[in-house]
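Heads up: the structure comes next, in structure tokens.
Below, chain A is the first sequence line, B the second, and so on; all start at residue 1.
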There are 6 protein chains.
Amino acid sequence: MDAKDSKVLLFKLTANPILAEEVAQKLHLQLSLSEVDHFADGEVLARPLCSVRDQTVYVIQSTANPVSERLMELLVFIDGLKNANAKEINLVIPYYGFCRQDRITREGEPITAKLVAKILEAAGVNLVITMDLHSPQIQGFFSCPVDALSPTDLFAQYYQDKLAKLGIATQDVCVVSPDHGSLHRARNLASKLPNSTLAVIDKRRPAPNKAEVVNVVGEVKDKVCIIIDDIIDTAGTVLACADCLFARGAKKIFVGGTHGIFSQGAADRLLKSKIEDIVITDSIEQNIKGINAISLAPMIAGVIEATEEGRPIPDSWMDFH
Amino acid sequence: MDAKDSKVLLFKLTANPILAEEVAQKLHLQLSLSEVDHFADGEVLARPLCSVRDQTVYVIQSTANPVSERLMELLVFIDGLKNANAKEINLVIPYYGFCRQDRITREGEPITAKLVAKILEAAGVNLVITMDLHSPQIQGFFSCPVDALSPTDLFAQYYQDKLAKLGIATQDVCVVSPDHGSLHRARNLASKLPNSTLAVIDKRRPAPNKAEVVNVVGEVKDKVCIIIDDIIDTAGTVLACADCLFARGAKKIFVGGTHGIFSQGAADRLLKSKIEDIVITDSIEQNIKGINAISLAPMIAGVIEATEEGRPIPDSWMDFH
Amino acid sequence: MDAKDSKVLLFKLTANPILAEEVAQKLHLQLSLSEVDHFADGEVLARPLCSVRDQTVYVIQSTANPVSERLMELLVFIDGLKNANAKEINLVIPYYGFCRQDRITREGEPITAKLVAKILEAAGVNLVITMDLHSPQIQGFFSCPVDALSPTDLFAQYYQDKLAKLGIATQDVCVVSPDHGSLHRARNLASKLPNSTLAVIDKRRPAPNKAEVVNVVGEVKDKVCIIIDDIIDTAGTVLACADCLFARGAKKIFVGGTHGIFSQGAADRLLKSKIEDIVITDSIEQNIKGINAISLAPMIAGVIEATEEGRPIPDSWMDFH
Amino acid sequence: MDAKDSKVLLFKLTANPILAEEVAQKLHLQLSLSEVDHFADGEVLARPLCSVRDQTVYVIQSTANPVSERLMELLVFIDGLKNANAKEINLVIPYYGFCRQDRITREGEPITAKLVAKILEAAGVNLVITMDLHSPQIQGFFSCPVDALSPTDLFAQYYQDKLAKLGIATQDVCVVSPDHGSLHRARNLASKLPNSTLAVIDKRRPAPNKAEVVNVVGEVKDKVCIIIDDIIDTAGTVLACADCLFARGAKKIFVGGTHGIFSQGAADRLLKSKIEDIVITDSIEQNIKGINAISLAPMIAGVIEATEEGRPIPDSWMDFH
Amino acid sequence: MDAKDSKVLLFKLTANPILAEEVAQKLHLQLSLSEVDHFADGEVLARPLCSVRDQTVYVIQSTANPVSERLMELLVFIDGLKNANAKEINLVIPYYGFCRQDRITREGEPITAKLVAKILEAAGVNLVITMDLHSPQIQGFFSCPVDALSPTDLFAQYYQDKLAKLGIATQDVCVVSPDHGSLHRARNLASKLPNSTLAVIDKRRPAPNKAEVVNVVGEVKDKVCIIIDDIIDTAGTVLACADCLFARGAKKIFVGGTHGIFSQGAADRLLKSKIEDIVITDSIEQNIKGINAISLAPMIAGVIEATEEGRPIPDSWMDFH
Amino acid sequence: MDAKDSKVLLFKLTANPILAEEVAQKLHLQLSLSEVDHFADGEVLARPLCSVRDQTVYVIQSTANPVSERLMELLVFIDGLKNANAKEINLVIPYYGFCRQDRITREGEPITAKLVAKILEAAGVNLVITMDLHSPQIQGFFSCPVDALSPTDLFAQYYQDKLAKLGIATQDVCVVSPDHGSLHRARNLASKLPNSTLAVIDKRRPAPNKAEVVNVVGEVKDKVCIIIDDIIDTAGTVLACADCLFARGAKKIFVGGTHGIFSQGAADRLLKSKIEDIVITDSIEQNIKGINAISLAPMIAGVIEATEEGRPIPDSWMDFH
């Protein structure tokens with residue numbers, strides 16, 4: 001982005017400082033200064049430390065745990081930007097918190113993923129760039145445009161490199177979806193690993209009152225299995241999958257997850273397991289020894305650049321399914 | 001609903017005249033008069049033929065084929081109600097058209113299910129009552145409350161009666177979901193047919209470039225299979241399922257679908273097949289010899305009554321999953 | 001429009017493909033690719049086939065018969081543009097359907113011309129360019145700017161050429177308004193044909209229960225009469241006018257109408273009548289042998305260019321009255 | 001309206017104190033107390049002097065001259081009602097000021113009749129009841145319901161009484177519209193005076209550059225003419241009509257106008273003319289000796305009562321045309 | 001509130017369970033059941049555990065520390081209520097968090113008190129009842145009605161009782177405002193303690209670069225001083241006031257504060273000081289030995305009752321100044 | 001602003017023609033032509049006399065007395081700009097009328113400062129630039145950005161010049177705030193007059209029923225006092241201050257007020273008093289012999305320029321306190 005594009009300002013808040021820095025570097029920009037502070041009673045204050053008058057602003061902030069705090073930071077920062085007469089307020093929300101609350105499962109429940117969209121828009125958002133939304137319908141909860149990105153290209157690159165380094169041929173790889181809802185992720189990844197195969201874990205009760213039975217649909221024996229999911233939270237699903245795959249003869253297991261939440265000691269349990277490689281993206285900033293993180297910076301920088309220059313972005317970056 | 005509740009007016013438009021009549025009867029109301037007409041150039045005009053001043057109005061209209069026409073009818077009718085000072089405009093949309101356009105699958109696509117929600121609200125809707133929404137997230141596309149109902153109770157009653165009449169025990173029944181996304185429907189129905197079992201059709205490619213393989217997960221041999229789905233459109237899915245089930249030894253096949261669209265000769269093909277019984281609800285008004293229709297009138301009337309009297313409706317009527 | 005303006009994209013949908021092509025040519029642009037398709041059950045899908053990220057988009061589509069279909073096409077296309085992050089969505093609606101539903105004439109009626117404005121805005125429109133609105137108040141139904149254009153200059157040019165070719169002097173011409181509401185159109189046209197005169201057809205009952213009497217106010221004997229109206233729908237009005245003018249000694253009759261709907265065999269009846277020349281604009285795409293069509297392309301292209309370059313458009317192009 | 005309906009509060013502001021009092025009497029209500037005051041620098045303050053908590057409120061105020069002042073009074077009063085938690089805020093605006101600014105006649109003009117609708121709604125209005133709107137499309141400028149009333153029944157009663165008293169038979173009466181746009185008013189009135197006839201004043205240039213010619217379409221010789229119009233402002237139109245009618249042999253002339261603005265000495269000029277009787281409604285409060293005023297109170301009270309009790313109002317009260 | 005009013009439901013969330021219980025008792029209602037829970041990753045879920053269909057709902061929740069969490073709880077609960085078709089959603093927010101962020105003091109700052117109003121309204125609030133707002137303008141940040149209550153009556157009762165018990169005459173009392181902005185609170189309280197006097201602490205620099213000087217405007221020697229403020233946060237202000245008053249000969253010091261935040265060890269410091277009596281309301285639920293809390297329940301219950309029955313509330317309960 | 005920036009148009013209406021002219025000069029622009037007119041019945045019409053198509057427009061208009069008229073002028077002008085497709089509508093409102101109605105002081109009162117913000121936004125405003133708002137919270141009544149400017153720099157320059165001319169040293173100056181609410185103004189001014197001191201007039205009753213006592217907090221004996229306030233309306237406050245200051249030995253008194261309303265003969269009374277110098281800004285256009293006016297043009301032009309060029313404005317120009 002050359003001098004003429006200097007009117008784009010990029011801000012970080014507390015959730016993704018390293019990612020924000022990397023995006024800025026890719027765009028040959030300095031991160032603009034901002035401040036996040038708390039009053040004695042815990043109320044948050046966030047504000048830009050430079051003029052945003054008539055500038056196009058991008059703010060990078062995942063609404064990950066502590067999610068209410070992070071969301072509030074973002075909301076007050078947006079309000080400050082608007083008061084200070086920013087021209088456009090664009091959000092990069094690598095992990096969109098509350099995404100699993102996207103429907104009503106019991107009487108009286110909120111649809112929080114919709115509510116958050118509504119209040120971000122009430123605060124004054126023009127564009128949202130986000131990664132691997134839990135369900136594609138969430139895009140429809142916003143009135144403003146949403147760039148719903150897919151990490152498949154990044155994971156494909158990661159595994160191509162890793163497999164090459166380990167001397168594993170892609171035809172020995174089986175990409176595994178931990179459930180039916182995530183199948184598109186596995187299918188997309190497999191399509192980028194030539195001759196790899198596809199499997200899905202099927203977990204269901206044969207009849208409503210019977211015990212749950214876990215099946216693997218697809219052949220995994222002697223395969224290097226890559227389990228690919230959107231969210232690794234308590235890691236319960238992934239660990240159960242791994243057990244099941246090993247039981248069916250899987251040779252090695254790699255695990256890839258877009259959003260690494262790792263609550264309730266999940267990281268420890270994963271690291272202690274027989275899983276050989278765990279990789280997430282930096283949508284949620286973590287620093288866990290033994291867990292690799294793929295940087296989203298190149299893709300986010302690419303989308304910002306394309307948006308500012310009015311150019312398309314590659315179809316494979318979009319999360320269409 | 002007694003005389004004191006006479007301020008509730010119920011209207012039909014062109015999509016569901018019979019259902020509307022039945023709902024009115026259940027509520028001990030007369031359907032209020034309305035008119036749907038077209039100008040020489042085809043423009044639609046719809047309006048109430050009685051005063052709606054300060055009345056609570058319910059309009060029953062599925063947005064089924066011709067969907068743009070039906071939607072426009074509904075929109076102009078709402079506008080007329082609003083102009084005429086109706087107190088509340090509540091819609092009963094048994095089949096919510098465009099529901100399958102609930103996400104973006106290719107660059108530039110609309111999210112039409114969201115768009116329709118937005119324009120109904122722009123026209124002035126207070127409440128939407130609908131049946132078996134294609135995806136539960138659609139509820140979040142509306143800002144007004146949406147009663148998303150489930151037909152499971154109605155199908156359960158239908159099949160209990162039918163099985164009893166045919167002398168088939170429920171333990172000989174296997175409820176089959178035609179794909180993973182519809183599994184909750186099959187599970188709910190099975191839970192109301194004691195000792196019945198559950199199966200799901202799994203259709204997938206073993207690897208991205210391989211031919212699709214169809215599996216039945218669950219035992220169907222010698223079973224009376226009930227395939228249950230939300231929408232029967234071209235019936236391609238259902239017929240392929242049936243073939244597959246017969247191939248695996250199913251004894252008899254019944255098919256239940258909430259919304260019977262039957263496009264491209266689907267009804268004929270179904271009737272000519274070996275499927276023994278086809279049942280839909282009257283969410284889309286059809287009159288096809290050989291295809292049964294369960295009336296939604298009792299459930300819709302129940303929800304209207306509960307809403308007017310501020311009472312809860314049974315949890316099993318709600319489409320939570 | 002030079003290279004620097006390449007960020008303007010122009011799309012057609014199904015209503016005005018030829019006009020759209022001509023506008024593109026005038027602007028030295030290629031029409032951008034789009035797709036309009038239907039699902040098995042008739043639901044419409046429309047989408048751009050190129051990236052519109054940060055582009056200013058113009059969509060050309062009259063909401064003429066089948067009007068609900070055309071409107072829905074436009075709405076879903078707008079939604080797709082918005083989702084894909086278009087910068088500005090401007091509509092060119094040469095014929096604004098439902099324009100005659102601009103007021104309530106009976107209890108319970110919609111004001112559909114207002115409703116359509118509201119839902120277009122709910123979908124996300126920034127600017128509307130339209131031609132010869134049935135009533136000027138319709139502009140006030142929109143919150144966004146509306147360029148309400150007048151075709152008078154185009155008709156004036158057409159008739160000057162035609163009269164010259166036929167060797168008819170403009171002082172032998174009488175411009176006739178078919179009713180009082182259209183008088184401004186006739187007056188404007190007459191003012192561009194030097195020394196022409198003006199007449200109006202007055203159709204009324206002398207008392208509420210008496211038979212209707214048709215009068216011609218103004219002298220038409222031995223005149224070449226040009227009847228000018230906004231909409232030719234069933235052509236009933238125009239044919240009655242013509243009879244009346246011939247009865248009063250008109251020598252020749254030409255008919256000009258901005259929007260040629262021609263429903264219920266209107267074109268046939270007009271062509272079989274003694275009317276010598278019938279001309280419409282291409283606001284509604286027709287291809288009827290014997291009926292001429294004036295292209296709106298130069299004027300529409302002019303307005304788009306002026307808008308993009310921040311220049312005024314000629315006062316005579318605006319429909320002020 | 002009985003005790004149970006005591007939750008309806010009726011307020012006056014400065015424009016129609018007498019009419020408001022009469023409406024209250026018809027409804028067997030006391031006018032609720034309010035205050036309109038000005039600060040030293042001229043800023044207006046208006047507020048209710050009683051609690052409106054959870055009450056349905058009607059405010060009676062024409063936005064007549066001084067129109068900005070009256071509108072501002074109304075706006076601040078609405079804001080106060082809303083702050084004080086009124087349940088519903090309904091406006092009775094007998095004369096809707098700025099109604100003639102309902103379209104753009106020159107570049108850069110506002111559509112003030114739309115603007116006023118928008119800001120009343122921004123302030124928080126639920127229902128508008130108004131009388132004889134200058135153009136019926138204005139109703140479409142509001143999103144909330146508008147009861148657009150017609151004074152024809154009231155004028156009919158007035159003239160029936162007057163003619164009876166003067167011993168004039170209705171077949172000797174000709175109802176005259178001062179221009180084509182007002183013809184529906186004359187037609188409606190004539191239909192209530194048995195055997196009366198109808199005429200319209202036609203004022204136009206035979207060609208764009210010629211002098212204007214005034215015609216009377218219809219027979220007025222020896223007739224008692226009733227000129228009926230919506231607004232009497234400078235009275236220029238009415239006086240010119242009267243001259244023209246006398247010149248064509250009219251025996252007597254009565255003038256009826258819904259809204260009596262009487263600017264620039266209009267009342268004087270009318271009273272000094274040969275016009276025999278001038279009658280307006282009290283939509284704009286006037287007290288001019290020699291000019292009669294018909295009370296709108298019974299009709300307004302009727303509409304309020306019907307609205308509160310959810311009953312229809314007579315079709316002849318509505319301004320459909 | 002009798003059986004007929006049973007359609008009012010009252011909910012607590014986590015901030016004010018005891019106050020909510022007391023309000024319910026005053027209204028002879030049972031608190032309706034609700035649930036506040038967290039997912040593994042910390043996301044909050046709050047929902048009613050009973051049907052709210054067509055019910056009027058009151059939710060009692062201060063947005064006190066942890067303020068973002070409490071606000072989010074409230075927002076998701078509102079969303080659930082709305083989805084479940086509640087008729088009216090009324091909030092009782094005894095302490096309105098972020099109230100001190102009511103203006104911009106440095107470039108780029110948010111106006112968080114406005115932002116919170118906006119997002120509560122986006123979520124769907126109909127009425128807000130709150131206590132002793134930090135600045136009266138905050139009421140204007142809401143579009144919905146706000147009942148801004150004053151605790152003066154409650155403090156007056158407390159001090160009358162206390163002084164009587166201690167045998168102190170009110171003429172020996174001086175009510176002290178800790179700064180000029182809080183003077184109206186002190187004035188209101190003093191007016192309810194006959195013959196008490198008034199003082200204000202004036203803290204300012206004599207010139208911009210000089211040291212701050214603290215003055216007491218008013219006579220406090222040998223007086224029993226009651227310092228009255230809206231918020232006691234770090235207690236810095238109150239402790240400095242007390243020092244200053246003792247230095248000027250005050251005999252005893254009582255401290256009253258509407259909202260007891262007590263951050264950074266404030267309670268301890270207050271309890272260790274020579275201040276004789278500290279009283280707050282239960283707007284923020286605390287349980288600190290040695291600090292008294294006045295219940296807001298009677299006043300809140302009174303306002304709810306008045307709102308449901310359409311009756312006024314006493315002027316002295318409203319925070320007008 | 002060079003040729004490339006020629007797309008900025010600047011308009012005046014009736015309130016500030018001279019100021020607008022000066023701002024235009026500073027920006028090297030011609031004021032664009034506009035028209036403000038009234039119809040016979042007093043209705044206002046305001047419109048631009050040039051094309052604003054796709055232009056960024058600034059309109060300069062204080063809403064000073066006659067305030068409703070001036071506000072209406074502004075609203076209709078905005079509507080016209082919007083209809084004519086202006087790109088951005090920015091308002092410069094040097095004096096924001098109704099600013100003192102920023103809170104509710106008695107039951108039923110409007111918050112007119114909020115209402116005006118809401119209706120300006122309903123009309124379609126993008127940015128407001130205003131001067132010395134009566135309370136900083138008013139900024140939060142707007143959803144669009146508000147540049148709330150401070151005149152301190154301008155007053156400081158004025159007094160530095162004046163004192164230099166009169167040979168008065170700044171250490172002999174005491175800047176006086178007429179009440180506690182205005183103290184920040186006095187403090188800011190004093191900080192720019194080296195070694196000047198600060199005083200505040202304290203007016204209060206020692207007890208609720210006692211007579212008011214006026215104190216001067218700070219030393220004014222033998223000082224040249226500058227009383228600085230935001231609004232001079234009836235001048236009652238300022239004159240009482242002056243009396244009090246002279247009584248305490250002030251040598252000379254200067255008065256500075258941002259907004260000179262001068263109602264009820266205020267100017268005369270001030271000029272007849274012993275006050276030596278009175279200065280206001282030209283936020284409200286006055287032409288009173290003996291009262292100086294500081295031009296806001298340089299500051300307003302500076303803010304417009306900064307906004308158009310995306311540059312910050314000096315912190316000292318912003319009204320942060």
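Counting heavy-atom pairs closer than 4.5 Å to chain E, the top residue among G42(A), A122(A), A40(A), A84(A) is A40(A). Each of L120(E), L81(E), I111(E) has some count of heavy-atom pairs under 4.5 Å with chain A, and the biggest count is that of I111(E). Between chain A and the residues V67(E), V76(E), I104(E), I78(E), the largest count of heavy-atom pairs under 4.5 Å involves V76(E).
No more than 12 heavy atoms of other residues, nucleotides or ligands lie within 6.0 Å of CD1 in I18(A), so this atom counts as exposed by the packing criterion. Annotation for L271(A): atom CG counts as buried by contact number, over 12 foreign heavy atoms lying within 6.0 Å.
Only the side chain of F39(A) has a heavy atom closer than 4.5 Å to any heavy atom of chain E. Both the backbone and the side chain of P48(A) come within contact range of chain E, judged by heavy atoms closer than 4.5 Å. If you measure heavy-atom distances from A46(A) to chain E, the contacts under 4.5 Å come from the backbone alone. With a 4.5 Å cut-off on non-hydrogen atoms, L75(E) touches chain A through its backbone and its side chain both. Contacts of L71(A) with chain E are made by side-chain atoms alone, with heavy-atom separations under 4.5 Å and no backbone atom involved. Using a 4.5 Å cut-off between heavy atoms, L45(A) touches chain E through its side chain atoms alone.
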Please tabulate, one pair per line, the donor and acceptor atoms of chain E and chain A that lie under 3.5 Å from each other, or say none if there are none.
from	atom 1	to	atom 2	distance (Å)
D41(A)	O	N65(E)	ND2	2.9
D41(A)	OD2	R100(E)	NH2	3.0
E43(A)	OE2	F98(E)	N	2.7
R47(A)	NH1	E107(E)	O	2.9
N65(A)	ND2	D41(E)	O	3.0
S68(A)	OG	E69(E)	OE1	2.9
E69(A)	OE1	S68(E)	OG	2.9
D79(A)	OD1	K114(E)	NZ	3.0
D79(A)	OD2	I111(E)	N	2.7
N83(A)	OD1	K114(E)	NZ	3.1
N83(A)	ND2	E109(E)	O	3.2
F98(A)	N	E43(E)	OE2	2.7
R100(A)	NH2	D41(E)	OD2	3.0
E107(A)	O	R47(E)	NH1	2.9
E109(A)	O	N83(E)	ND2	3.2
I111(A)	N	D79(E)	OD2	2.7
K114(A)	NZ	D79(E)	OD1	3.0
K114(A)	NZ	N83(E)	OD1	3.1

